[in-house]
**Student:** 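Take a look at the following structure, please.
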Amino acid sequence: MTATLTIAQVSDIHIAEKAELQNNVDMRQQFLAVLTALKAYPLDLLVLSGDLALLAGEIPAYQWIKQQLIDFPIPYVIMAGNHDNLNNLIEVFNVPEQDLVGHALCYARQLKGRTLLFLDTAPYRLSDAQQVWLQKQLAKTSEPVLVFMHHPPALCGCQFMDTRHSLQNIEEVWPILANAPNVQHIFCGHYHTGRDCERDGKYIHITPSTMLQIDTESSEFVVASRDAGWRLIEWSETGQVKTEVFYL
Ligand SMILES: [Fe+2]
């Protein structure tokens, strides 16, 4: 490791096909405001961790996002969420074949000597092929890796999302992560809240949405706030990972 690796995670931006308000939120304006705020940080990478589209991976939404990022000074990667469409992501963002595992957007990146793994849980599951891939990737190195996935791989004390919208094969996925000595930090979105949960000595970091946050105490869908949030991740040269959530 040669220097601090600094990553911004931006999640659940939910851009609609046309400029419109949903739940009294201007998603385009909130996403752009976050991008502006990010310019103040010495970032190495921007991670868009799924649910780029409002509902079902609309191509005009992806085209708009891509356009906004053309002049963004930092490289970015995209992930798929349950409101995305893989074929449309591939088409608009020119996803290369090597970033796919089966029909899933699943890939590794090396940055400043560190390994980052990006998984695809868009169908509410981590596919069997990705489970095999993940185990192979984790076995390749004894060095620490960071894992990014849209759905948290365990329940996280968020009533509505845990009950109605959690990952469907936690019982298959969690043991892979829990038993990997080189996984300490897992970065997720999907739950529309900012939260850090400890499970089996690992940290599951949930990054808030740039659209709106969901109340974690209610068993029904209740908007907790319309503040756009995002996460900063700093992986120092000594190996320490520090992370913090910010709201505009
Ligand atoms: Fe989601």
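Order of appearance sets the numbers: ligands from 1, and atoms from 1 within every ligand.
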**Student:** More than 12 non-hydrogen atoms from neighbouring residues, nucleotides or ligands closer than 6.0 Å to CG on Asn23, yes or no?
**Tutor:**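 More than 12 heavy atoms, drawn from other residues, nucleotides or ligands, come within 6.0 Å of this atom.
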**Student:** Is any NZ, NE, NH1 or NH2 atom of the basic residue among Glu20 and Arg28 found under 4.0 Å from an Asp or Glu carboxylate oxygen of the other?
**Tutor:**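 No.
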**Student:** So does Phe246 have more than 12 non-hydrogen atoms from other groups sitting under 6.0 Å from CZ?
**Tutor:**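 Counting other residues, nucleotides and ligands, CZ of Phe246 exceeds 12 neighbours.
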**Student:** Of all the atoms in His190, is at least one N, O or S atom closer to the Fe ion (ligand 1) than 2.8 Å?
**Tutor:**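 It does: His190 brings an N, O or S atom closer than 2.8 Å to the Fe ion (ligand 1).
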**Student:** On a heavy-atom basis, which atom in Ser218 and which in Gln159 lie closest, and how many Å separate them?
**Tutor:**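 In terms of heavy atoms, the two residues are closest at O-CB, 3.2 Å.
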**Student:** Examine all N, O or S atoms of His165, backbone included, and report whether one is under 2.8 Å from the Fe ion (ligand 1).
**Tutor:** no
**Student:** Check whether NZ of the Lys or CZ of the Arg Arg114 lies under 6.0 Å from the centre of the six-membered ring of Trp235 and within 45 degrees of that ring's axis.
**Tutor:**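 Flagged: Arg114 positioned over aromatic ring of Trp235.
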**Student:** Suppose you place the vertex at the Fe ion (ligand 1); what is the angle out to Asp51 OD2 and His150 NE2, to 10°?
**Tutor:** 100°
**Student:** Using 2.8 Å as a strict upper limit, say whether an N, O or S atom of Asp12 approaches the Fe ion (ligand 1) that closely.
**Tutor:**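 No - counting backbone and side chain alike, Asp12 has no N, O or S atom under 2.8 Å.
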**Student:** Do any N/O/S atoms of Asn82 come under 2.8 Å of the Fe ion (ligand 1)?
**Tutor:** yes
